[in-house]
There are 2 protein chains.
Amino acid sequence: MLASGDRPYAQTIQALRDKGLRPTRQRIALGRLLFDGGNRHVTAEALHAEASKGGVKVSLATVYNTLHQFTDAGLLRQVVVDGGCTYFDTNLSDHHHFYHVDDARLEDIPGDGIEVQGLPQVPEGATLERVEVIVRVHGDRKAG
Amino acid sequence: MLASGDRPYAQTIQALRDKGLRPTRQRIALGRLLFDGGNRHVTAEALHAEASKGGVKVSLATVYNTLHQFTDAGLLRQVVVDGGCTYFDTNLSDHHHFYHVDDARLEDIPGDGIEVQGLPQVPEGATLERVEVIVRVHGDRKAG
DNA sequence: GTGATTGCAAATCTTTTGCACTAAA
DNA sequence: TTTAGTGCAAAAGATTTGCAATCAC
(Lines give C-alpha, C1' and ligand atoms only; values in the text may rest on other atoms or scores of the structure.)
Protein backbone atom coordinates (compact mmCIF):
# COMPACT_ATOMS: atom_id res chain seq x y z
CA MET A 1 0.00 0.00 0.00
CA LEU A 2 1.24 3.44 -0.75
CA ALA A 3 0.14 5.26 2.36
CA SER A 4 -2.24 5.02 5.23
CA GLY A 5 -3.94 7.66 7.26
CA ASP A 6 -1.37 8.46 9.90
CA ARG A 7 1.90 8.70 8.02
CA PRO A 8 0.59 11.12 5.45
CA TYR A 9 3.35 11.38 2.93
CA ALA A 10 6.23 9.23 4.03
CA GLN A 11 4.91 5.96 2.64
CA THR A 12 3.61 7.46 -0.54
CA ILE A 13 6.92 9.14 -1.18
CA GLN A 14 8.81 5.97 -0.46
CA ALA A 15 6.61 3.90 -2.73
CA LEU A 16 7.14 6.34 -5.56
CA ARG A 17 10.87 6.36 -5.04
CA ASP A 18 10.93 2.59 -4.97
CA LYS A 19 9.39 2.64 -8.42
CA GLY A 20 11.84 5.18 -9.70
CA LEU A 21 9.24 7.93 -9.83
CA ARG A 22 10.27 11.31 -8.47
CA PRO A 23 7.81 12.13 -5.71
CA THR A 24 6.34 15.33 -7.01
CA ARG A 25 3.49 17.19 -5.40
CA GLN A 26 1.11 15.94 -8.10
CA ARG A 27 2.14 12.29 -7.93
CA ILE A 28 1.94 12.29 -4.17
CA ALA A 29 -1.51 13.84 -4.18
CA LEU A 30 -2.85 11.48 -6.83
CA GLY A 31 -1.20 8.54 -5.15
CA ARG A 32 -2.91 9.36 -1.89
CA LEU A 33 -6.28 9.73 -3.58
CA LEU A 34 -5.83 6.40 -5.27
CA PHE A 35 -4.28 4.27 -2.59
CA ASP A 36 -5.53 5.64 0.71
CA GLY A 37 -8.63 3.67 1.47
CA GLY A 38 -9.99 0.68 -0.37
CA ASN A 39 -9.80 -0.48 -3.93
CA ARG A 40 -10.82 2.01 -6.53
CA HIS A 41 -11.71 2.18 -10.20
CA VAL A 42 -11.08 5.57 -11.71
CA THR A 43 -10.99 7.28 -15.04
CA ALA A 44 -8.56 10.10 -15.72
CA GLU A 45 -11.44 12.53 -15.95
CA ALA A 46 -12.90 11.43 -12.62
CA LEU A 47 -9.61 11.47 -10.77
CA HIS A 48 -8.87 14.91 -12.11
CA ALA A 49 -12.25 16.15 -10.91
CA GLU A 50 -11.69 14.59 -7.53
CA ALA A 51 -8.26 16.16 -7.19
CA SER A 52 -9.55 19.56 -8.20
CA LYS A 53 -12.42 19.29 -5.77
CA GLY A 54 -9.92 18.43 -3.06
CA GLY A 55 -7.91 21.51 -3.80
CA VAL A 56 -5.09 19.70 -5.58
CA LYS A 57 -3.92 21.66 -8.57
CA VAL A 58 -3.04 19.27 -11.34
CA SER A 59 -3.70 19.32 -15.04
CA LEU A 60 -5.68 16.65 -16.83
CA ALA A 61 -2.65 15.85 -18.99
CA THR A 62 -0.62 15.17 -15.88
CA VAL A 63 -3.36 12.93 -14.52
CA TYR A 64 -3.21 10.89 -17.71
CA ASN A 65 0.56 10.74 -17.59
CA THR A 66 0.56 9.80 -13.94
CA LEU A 67 -2.01 7.05 -14.37
CA HIS A 68 0.09 5.52 -17.10
CA GLN A 69 3.30 5.87 -15.13
CA PHE A 70 1.64 4.19 -12.16
CA THR A 71 0.39 1.45 -14.44
CA ASP A 72 3.84 0.92 -15.95
CA ALA A 73 5.27 0.86 -12.45
CA GLY A 74 2.84 -1.88 -11.49
CA LEU A 75 0.82 0.20 -9.07
CA LEU A 76 -2.33 0.15 -11.19
CA ARG A 77 -4.00 -2.11 -13.67
CA GLN A 78 -5.89 -0.99 -16.71
CA VAL A 79 -9.33 -2.44 -17.37
CA VAL A 80 -11.19 -2.22 -20.65
CA VAL A 81 -14.94 -2.52 -20.48
CA ASP A 82 -16.18 0.39 -22.43
CA GLY A 83 -14.81 1.88 -25.58
CA GLY A 84 -14.38 5.58 -25.14
CA CYS A 85 -12.89 5.61 -21.69
CA THR A 86 -10.17 3.85 -19.79
CA TYR A 87 -10.50 2.58 -16.26
CA PHE A 88 -7.63 2.12 -13.83
CA ASP A 89 -7.98 -0.33 -11.00
CA THR A 90 -5.99 -0.14 -7.77
CA ASN A 91 -6.70 -3.79 -7.03
CA LEU A 92 -3.78 -5.72 -8.45
CA SER A 93 -4.85 -9.13 -7.29
CA ASP A 94 -6.26 -11.71 -9.64
CA HIS A 95 -9.91 -10.82 -9.87
CA HIS A 96 -12.75 -9.94 -12.20
CA HIS A 97 -15.41 -7.26 -12.57
CA PHE A 98 -19.03 -6.35 -12.66
CA TYR A 99 -19.68 -3.60 -15.11
CA HIS A 100 -22.77 -1.53 -14.46
CA VAL A 101 -23.77 -0.54 -17.94
CA ASP A 102 -26.28 2.09 -16.86
CA ASP A 103 -23.91 4.20 -14.86
CA ALA A 104 -20.67 3.12 -16.50
CA ARG A 105 -19.39 1.91 -13.16
CA LEU A 106 -16.92 -0.86 -12.51
CA GLU A 107 -17.01 -3.04 -9.42
CA ASP A 108 -14.69 -5.78 -8.25
CA ILE A 109 -16.22 -9.21 -8.06
CA PRO A 110 -15.55 -10.16 -4.47
CA GLY A 111 -13.55 -13.22 -3.65
CA ASP A 112 -11.58 -15.19 -6.16
CA GLY A 113 -14.08 -17.96 -6.52
CA ILE A 114 -14.50 -17.44 -10.23
CA GLU A 115 -13.04 -20.10 -12.36
CA VAL A 116 -13.26 -20.42 -16.10
CA GLN A 117 -13.73 -23.98 -17.21
CA GLY A 118 -13.28 -25.41 -20.65
CA LEU A 119 -10.75 -22.90 -21.90
CA PRO A 120 -9.27 -24.15 -25.14
CA GLN A 121 -5.57 -24.00 -25.82
CA VAL A 122 -4.42 -20.60 -26.88
CA PRO A 123 -3.80 -20.36 -30.62
CA GLU A 124 -0.49 -21.71 -31.82
CA GLY A 125 2.39 -19.39 -31.22
CA ALA A 126 0.39 -17.23 -28.85
CA THR A 127 1.00 -16.91 -25.13
CA LEU A 128 -1.67 -16.43 -22.53
CA GLU A 129 -1.52 -13.05 -20.90
CA ARG A 130 -4.68 -12.86 -18.87
CA VAL A 131 -8.25 -14.12 -18.77
CA GLU A 132 -10.72 -11.35 -18.10
CA VAL A 133 -14.27 -11.99 -17.03
CA ILE A 134 -16.62 -9.06 -17.20
CA VAL A 135 -20.12 -9.51 -15.90
CA ARG A 136 -22.24 -6.84 -17.49
CA VAL A 137 -25.25 -5.87 -15.42
CA HIS A 138 -27.83 -3.15 -15.70
CA GLY A 139 -30.08 -1.46 -13.20
CA ASP A 140 -28.46 0.26 -10.27
CA ARG A 141 -27.86 -1.18 -6.81
CA LYS A 142 -30.51 1.28 -5.67
CA ALA A 143 -32.86 -0.43 -8.12
CA GLY A 144 -34.78 1.68 -10.60
CA MET B 1 -27.47 -15.63 -42.86
CA LEU B 2 -27.86 -12.64 -45.06
CA ALA B 3 -26.69 -13.96 -48.36
CA SER B 4 -24.67 -16.72 -49.89
CA GLY B 5 -22.65 -16.91 -53.04
CA ASP B 6 -25.19 -17.79 -55.69
CA ARG B 7 -28.16 -15.57 -55.00
CA PRO B 8 -26.12 -12.41 -54.82
CA TYR B 9 -28.50 -9.79 -53.63
CA ALA B 10 -31.86 -11.37 -53.09
CA GLN B 11 -31.19 -12.74 -49.64
CA THR B 12 -29.30 -9.72 -48.46
CA ILE B 13 -32.09 -7.46 -49.59
CA GLN B 14 -34.69 -9.63 -47.96
CA ALA B 15 -32.81 -9.76 -44.69
CA LEU B 16 -32.52 -6.00 -44.62
CA ARG B 17 -36.21 -5.57 -45.38
CA ASP B 18 -37.08 -8.05 -42.66
CA LYS B 19 -35.28 -5.82 -40.22
CA GLY B 20 -36.98 -2.70 -41.46
CA LEU B 21 -33.85 -1.42 -43.14
CA ARG B 22 -34.21 -0.01 -46.61
CA PRO B 23 -31.88 -2.06 -48.83
CA THR B 24 -29.65 0.66 -50.17
CA ARG B 25 -26.61 0.09 -52.31
CA GLN B 26 -24.33 0.77 -49.32
CA ARG B 27 -26.14 -1.49 -46.88
CA ILE B 28 -26.27 -4.30 -49.37
CA ALA B 29 -22.59 -4.02 -50.14
CA LEU B 30 -21.57 -3.87 -46.48
CA GLY B 31 -23.96 -6.66 -45.62
CA ARG B 32 -22.43 -8.88 -48.23
CA LEU B 33 -18.91 -8.12 -47.03
CA LEU B 34 -19.94 -8.91 -43.49
CA PHE B 35 -22.15 -11.93 -43.90
CA ASP B 36 -20.95 -13.74 -46.99
CA GLY B 37 -18.41 -16.19 -45.73
CA GLY B 38 -17.57 -17.04 -42.15
CA ASN B 39 -17.72 -15.14 -38.93
CA ARG B 40 -15.95 -11.85 -38.89
CA HIS B 41 -14.74 -9.22 -36.47
CA VAL B 42 -14.47 -5.80 -38.00
CA THR B 43 -13.87 -2.23 -37.01
CA ALA B 44 -15.55 0.59 -38.87
CA GLU B 45 -12.21 1.73 -40.20
CA ALA B 46 -11.32 -1.74 -41.46
CA LEU B 47 -14.66 -2.38 -43.09
CA HIS B 48 -14.51 0.97 -44.79
CA ALA B 49 -11.05 0.18 -46.14
CA GLU B 50 -12.24 -3.20 -47.34
CA ALA B 51 -15.24 -1.70 -49.07
CA SER B 52 -13.15 0.97 -50.74
CA LYS B 53 -10.62 -1.58 -51.88
CA GLY B 54 -13.47 -3.62 -53.33
CA GLY B 55 -14.70 -0.67 -55.32
CA VAL B 56 -17.69 0.07 -53.10
CA LYS B 57 -18.15 3.77 -52.65
CA VAL B 58 -19.31 4.44 -49.13
CA SER B 59 -18.33 7.06 -46.60
CA LEU B 60 -16.86 6.25 -43.24
CA ALA B 61 -19.79 7.95 -41.53
CA THR B 62 -22.16 5.64 -43.34
CA VAL B 63 -20.10 2.63 -42.32
CA TYR B 64 -20.42 3.70 -38.69
CA ASN B 65 -24.13 4.30 -39.09
CA THR B 66 -24.63 1.00 -40.84
CA LEU B 67 -22.71 -1.00 -38.25
CA HIS B 68 -24.85 0.48 -35.51
CA GLN B 69 -28.05 -0.07 -37.44
CA PHE B 70 -27.07 -3.69 -38.04
CA THR B 71 -26.28 -4.03 -34.36
CA ASP B 72 -29.61 -2.55 -33.33
CA ALA B 73 -31.31 -4.86 -35.78
CA GLY B 74 -29.63 -7.83 -34.15
CA LEU B 75 -27.42 -8.70 -37.10
CA LEU B 76 -24.19 -7.84 -35.30
CA ARG B 77 -22.85 -7.81 -31.80
CA GLN B 78 -20.50 -5.24 -30.38
CA VAL B 79 -17.42 -6.42 -28.52
CA VAL B 80 -15.27 -4.24 -26.28
CA VAL B 81 -11.71 -5.35 -25.80
CA ASP B 82 -9.70 -2.30 -26.53
CA GLY B 83 -10.45 1.28 -25.65
CA GLY B 84 -10.10 3.43 -28.69
CA CYS B 85 -11.82 1.19 -31.16
CA THR B 86 -15.02 -0.77 -31.42
CA TYR B 87 -15.28 -4.27 -32.82
CA PHE B 88 -18.37 -5.74 -34.41
CA ASP B 89 -18.83 -9.48 -34.48
CA THR B 90 -21.00 -11.31 -36.99
CA ASN B 91 -21.19 -14.33 -34.73
CA LEU B 92 -24.32 -13.91 -32.67
CA SER B 93 -24.15 -17.18 -30.81
CA ASP B 94 -23.14 -17.37 -27.18
CA HIS B 95 -19.38 -17.41 -27.30
CA HIS B 96 -16.20 -15.74 -26.10
CA HIS B 97 -13.00 -14.34 -27.55
CA PHE B 98 -9.29 -14.46 -27.81
CA TYR B 99 -7.83 -11.04 -28.12
CA HIS B 100 -4.44 -10.86 -29.76
CA VAL B 101 -2.93 -7.87 -28.05
CA ASP B 102 -0.01 -7.51 -30.45
CA ASP B 103 -2.02 -7.13 -33.59
CA ALA B 104 -5.27 -5.92 -32.03
CA ARG B 105 -7.09 -8.89 -33.51
CA LEU B 106 -10.15 -10.60 -32.16
CA GLU B 107 -10.83 -14.30 -32.61
CA ASP B 108 -13.78 -16.42 -31.61
CA ILE B 109 -13.08 -19.08 -29.07
CA PRO B 110 -14.28 -22.19 -30.82
CA GLY B 111 -16.99 -24.30 -29.31
CA ASP B 112 -19.12 -23.29 -26.41
CA GLY B 113 -17.26 -25.33 -23.85
CA ILE B 114 -16.38 -22.35 -21.72
CA GLU B 115 -18.19 -22.16 -18.47
CA VAL B 116 -17.67 -19.65 -15.72
CA GLN B 117 -17.89 -21.21 -12.29
CA GLY B 118 -18.28 -19.48 -8.98
CA LEU B 119 -20.07 -16.41 -10.23
CA PRO B 120 -21.43 -14.49 -7.28
CA GLN B 121 -24.92 -13.07 -7.28
CA VAL B 122 -25.20 -9.86 -9.20
CA PRO B 123 -25.36 -6.81 -6.94
CA GLU B 124 -28.75 -6.05 -5.44
CA GLY B 125 -31.10 -4.40 -7.84
CA ALA B 126 -28.94 -5.22 -10.82
CA THR B 127 -29.82 -7.63 -13.60
CA LEU B 128 -27.40 -9.83 -15.45
CA GLU B 129 -26.98 -8.83 -19.04
CA ARG B 130 -24.05 -10.91 -20.23
CA VAL B 131 -20.88 -12.57 -19.06
CA GLU B 132 -17.93 -11.83 -21.29
CA VAL B 133 -14.75 -13.80 -21.21
CA ILE B 134 -11.79 -12.32 -23.00
CA VAL B 135 -8.63 -14.32 -23.19
CA ARG B 136 -5.83 -11.90 -23.88
CA VAL B 137 -2.89 -13.44 -25.67
CA HIS B 138 0.22 -12.07 -27.24
CA GLY B 139 2.56 -13.29 -29.92
CA ASP B 140 1.07 -14.09 -33.28
CA ARG B 141 -0.14 -17.45 -34.54
CA LYS B 142 2.83 -17.32 -36.87
CA ALA B 143 4.99 -16.93 -33.79
CA GLY B 144 7.60 -14.23 -33.70
C1' DG C 1 22.41 24.14 -11.76
C1' DT C 2 20.54 20.12 -14.29
C1' DG C 3 17.42 17.09 -15.78
C1' DA C 4 12.84 15.32 -14.75
C1' DT C 5 8.10 16.91 -14.46
C1' DT C 6 4.31 19.85 -15.27
C1' DG C 7 0.84 22.69 -17.64
C1' DC C 8 -1.11 24.42 -21.38
C1' DA C 9 -2.77 24.35 -25.80
C1' DA C 10 -2.64 22.21 -30.00
C1' DA C 11 -2.78 17.85 -32.27
C1' DT C 12 -4.58 13.20 -32.92
C1' DC C 13 -7.81 9.57 -33.20
C1' DT C 14 -12.25 7.52 -33.12
C1' DT C 15 -16.88 8.37 -33.40
C1' DT C 16 -21.08 11.34 -33.89
C1' DT C 17 -23.81 14.98 -35.85
C1' DG C 18 -26.02 18.66 -38.92
C1' DC C 19 -27.57 19.44 -43.12
C1' DA C 20 -27.94 19.69 -48.11
C1' DC C 21 -28.24 16.12 -51.61
C1' DT C 22 -29.67 11.58 -53.46
C1' DA C 23 -32.13 7.53 -53.85
C1' DA C 24 -35.79 4.08 -52.55
C1' DA C 25 -40.72 3.40 -52.23
C1' DT D 1 -43.45 12.84 -54.43
C1' DT D 2 -42.19 11.73 -49.91
C1' DT D 3 -39.24 10.06 -46.63
C1' DA D 4 -35.24 7.52 -45.47
C1' DG D 5 -30.43 7.28 -46.27
C1' DT D 6 -25.94 9.20 -47.66
C1' DG D 7 -21.78 12.13 -47.79
C1' DC D 8 -19.24 15.63 -46.32
C1' DA D 9 -17.22 18.43 -43.21
C1' DA D 10 -17.50 20.06 -38.77
C1' DA D 11 -18.07 18.82 -33.90
C1' DA D 12 -17.33 16.10 -30.00
C1' DG D 13 -14.94 13.37 -26.55
C1' DA D 14 -10.82 10.90 -24.94
C1' DT D 15 -6.18 10.87 -25.05
C1' DT D 16 -1.38 12.40 -26.56
C1' DT D 17 2.21 15.44 -27.52
C1' DG D 18 5.46 19.63 -27.99
C1' DC D 19 7.56 22.91 -25.61
C1' DA D 20 8.48 26.54 -22.29
C1' DA D 21 8.18 27.14 -17.37
C1' DT D 22 8.84 24.87 -12.89
C1' DC D 23 10.37 21.74 -9.44
C1' DA D 24 13.16 17.97 -7.16
C1' DC D 25 17.58 16.70 -6.37
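Given the structure is predicted, the values throughout are model-derived calculations rather than measurements. Every chain is numbered from 1 and lettered A, B, ... according to where its sequence line falls, protein lines coming before strand lines.
Mapping B:N65 and B:T24 onto DNA chain C by nearest heavy atom places B:N65 at the nucleotide closer to the 5' end.
Checking C:dT14, D:dT3, D:dT15 against every side-chain atom of B:C85, the shortest atom distance belongs to C:dT14. Among C:dC8, C:dT15, D:dG5, the nucleotide with an atom closest to any side-chain atom of B:L60 is C:dT15. Nearest to the side chain of A:A61, among C:dT17, C:dC8, C:dA25, sits C:dC8. Set against D:dA24, D:dG7, C:dT14, the side chain of B:E45 has C:dT14 as its closest nucleotide. The side chain of A:R27 lies closest to C:dT5 when the candidates are C:dT5, C:dT17, C:dT15. Closest contact between the side chain of A:P23 and the listed nucleotides D:dT6, D:dA24, C:dG7 involves D:dA24. Closest to the B:R22 side chain, of the nucleotides D:dG5, C:dT6, D:dC25, is D:dG5.
A 6.0 Å sphere centred on CD of A:Q121 holds no more than 12 heavy atoms belonging to other residues, nucleotides or ligands.
As rounded to whole Å, 15 Å separates atom P of D:dG5 from atom CZ of B:R25. Summarising the geometry, the separation between NE2 on A:H68 and C1' on D:dT17 is reported as 13 Å, rounded to the nearest angstrom.
Taking side-chain N and O atoms only, B:Y64 has no distance below 4.0 Å to OP1 or OP2 of C:dT16. Here B:T86 reaches the OP1 or OP2 of C:dT15: one of its side-chain N or O atoms lies under 4.0 Å away. Look at B:T62 and you won't find any side-chain N or O under 4.0 angstrom from OP1 or OP2 of D:dT6.
Relative ring orientation between A:F70 and A:F35 is described as tilted, the plane-to-plane angle lying within the 30° to 60° band.
For the pair A:I109/A:H95, no side-chain contact is recorded, criterion being any heavy-atom separation below 4.5 Å from C-beta on.
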